Amino acid sequence: MTLLYSEVEEELRAAVRGLLADRCPPAAVLKRIESDPYDLDLWKTLGGEIGVAGLLIPEELGGAGASASEVAVVLEELGRAVAPVPFFTSSVLATQALLPTGDALLGELAEGRKTAALAVSFAASPYRPQRGSSVRIEDRRLSGTVTGVAGADVADVLLVPVDGDLYAAEGAAVDVVPSLDLTRPVATVTFERTEARRVGVCDLAGVLCSGAALLASEQLGVAEWCLDTTLAYVKERHQFARPVGSFQAIKHRLADLWLDVVRARAAARNAVADPSPLSVAVAQSWNAAVAVHAAEEALQLHGGIGMTWEHPVHLYLKRAKSAEIALGTPGDHREALASLAGVPGPE
């Protein structure tokens, strides 16, 4: 097992970063978040032309047959750009739920012709997978609601886990609700005897655990952007006739943050290489907090400009804060980590 990036992964990173720099700079994200958050034209290029939509899907089903390591690299770059595309919701969560079934829908997802969303609350976790869901199945029709579903508003197909099985449905009512992270809207999905097709069994807790492992890489990307951007700013910003970054207190804060980000990279890479519940709990209990801390430091060290709507740092703080409670809070993962490591709890 290695935590280093391979040559193939670095080539993929370069392709994705180049496209995002050209098509998805922070100014473009800021411009669209209040009207039409998702950039579906960018998603077509990423998913279809670069082929990231089918990374997890085997070649015999029309995908790239890549590993989670390549997916993690893409997520790092999407996190660095807070890119408003449904990669995590469709090509990670929904795809992982669908993979064991071998359903033909996988081919359409791989080609980017369709987008799917897993109808599970983004606040659910491997430890409470059914949180926010009241869906039931009767006579091949779904009834009930799921709150806080990410990616549902741009999904062509909803994949709905019910009682250990997975169903594909279209035509449900999707109502977008206010969300802190404007680049990743969430919605309430309502099924009113909606016709559904059973596609196979679903280990929902396992899917959410794998999703949490990969979410750590997106959180790493957010933290890296905050660190790099802040470092560049304090080198250029002058106060009292000297760069702000030359002050000892600023140096200490950024040095501490750099160490946090390095540890986050190790935790994220380990969770990808060894997606065991223990590794996932370690990665999420650390990376979620580091992403928030890095964004908070970026906002503060940018001074007054960091507080403005025009500067993109608030996008990263909001993404970090929303991801902190996605697929389990740091507290949830620390509790699981203590149990898995055999640390006794309070009497």
Side-chain angles (χ1 to χ4, degrees), residues 13 16-18 20-35 37 39 75-85 178-185 215-268 284-326 329-330:
R13 182 194 304 280
V16 174
R17 183 176 293 190
L20 294 177
D22 182 51
R23 299 268 299 273
C24 188
V29 180
L30 278 168
K31 185 177 180 180
R32 67 180 308 125
I33 55 174
E34 292 186 282
S35 55
D39 189 340
L75 283 169
E76 286 181 33
E77 294 307 311
L78 295 179
R80 289 182 67 97
V82 286
V85 295
S179 171
L180 176 64
D181 182 4
L182 300 177
T183 65
R184 182 183 279 154
L215 182 61
S217 292
E218 182 189 276
Q219 292 162 329
L220 169 62
V222 169
E224 286 180 330
W225 182 92
C226 292
L227 174 61
D228 293 346
T229 302
T230 305
L231 184 60
Y233 179 78
V234 299
K235 287 180 179 179
E236 297 173 357
R237 178 76 168 98
H238 281 65
Q239 190 70 38
F240 304 112
R242 57 188 288 194
V244 172
S246 67
F247 291 99
Q248 195 72 8
I250 302 298
K251 290 181 179 180
H252 286 171
R253 288 174 69 169
L254 287 173
D256 289 341
L257 184 57
W258 180 82
L259 288 172
D260 286 346
V261 172
V262 169
R263 296 180 187 117
R265 185 179 301 114
Q284 273 301 318
S285 61
W286 178 256
N287 285 33
V290 168
V292 172
H293 176 57
E296 290 174 340
E297 288 289 82
L299 188 147
Q300 291 185 15
L301 294 178
H302 273 80
I305 192 175
M307 302 290 182
T308 64
W309 183 264
E310 289 75 17
H311 197 282
V313 69
H314 68 88
L315 297 176
Y316 292 83
L317 179 57
K318 292 169 182 175
R319 171 64 68 90
K321 289 294 289 183
S322 65
E324 186 181 30
I325 60 174
T329 66

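Keep in mind the model is a prediction, meaning the values are calculated, not measured.
Here the CZ-SG distance, from Arg17 to Cys24, works out to 13.5 Å after rounding to the nearest 0.5 Å. With rounding to the nearest 0.5 Å, the separation of CG in Leu257 from NE2 in His293 is 5.0 Å. Note that the CG atom of Leu254 and the OG1 atom of Thr230 stand 7.0 Å from one another [nearest 0.5 Å]. Taking CG of Leu301 as the reference point, atom CG of Leu227 lies at 10.5 Å (rounded to 0.5 Å). To the nearest 0.5 Å, the span separating CG on Leu231 from CD1 on Ile250 amounts to 11.5 Å. Atom NZ in Lys31 sits 11.5 Å away from atom CG in Asp39 (nearest 0.5 Å).
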So Arg32 and Leu182, side chain to side chain contact (heavy atoms under 4.5 Å, CB included) or not? Walk me through it.
CA-CA 10 Å; Arg32 67 180 308 125; Leu182 300 177; over 6 Å; no

Does Arg265 form a salt bridge (Lys or Arg N to Asp or Glu O under 4.0 Å) with Glu76? I'd like the steps, not just the answer.
CA-CA 10 Å; Arg265 185 179 301 114; Glu76 286 181 33; 5.6 Å; no

I would like to know whether Val313 and Thr229 meet side chain to side chain contact (heavy atoms under 4.5 Å, CB included); could you show each step before the answer?
CA-CA 9 Å; Val313 69; Thr229 302; over 6 Å; no

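Minimum heavy-atom separation, Trp286 to Ala264: NE1-N, 3.4 Å. Nearest heavy atoms, Ala323 versus Leu215: O-CD2, 4.0 Å. The minimum heavy-atom distance between Cys226 and Tyr316, with the atom names listed, is SG-CB, 3.8 Å. Of all heavy-atom pairs between Arg319 and Val222, the closest is CG-CG2, 3.9 Å. The two residues Val261 and Ala223 have their closest heavy-atom pair at CG2-CB, 4.1 Å. Pairing each heavy atom of Leu299 with each of Leu317, the nearest pair is CD1-CD2, 3.9 Å.
Of the possible donor and acceptor atoms, one in the side chain of Ser322 sits under 3.5 Å from a partner among the backbone N and O of Lys318.
Taking the side chain as every heavy atom from C-beta outward, Leu30 and His314 approach each other to under 4.5 Å. Using a 4.5 Å heavy-atom cutoff, the side chains of Trp225 and Val82 are not in contact. A 4.5 Å side-chain heavy-atom check between Leu78 and Leu20 finds at least one atom pair inside the cut-off.
Ionic pairing of Arg263 and Asp260 is present here: one or more N-O contacts between side-chain nitrogen and carboxylate oxygen are shorter than 4.0 angstrom. Note on Asp228 versus Arg80: salt bridge recorded, some NZ/NE/NH1/NH2 to OD/OE distance being below 4.0 Å.
For the residue pair Ser179/Asp181, the side-chain donor-acceptor check at 3.5 Å is not satisfied. A donor atom on one side chain and an acceptor atom on the other are not found under 3.5 Å apart for Gln219 and Glu324.
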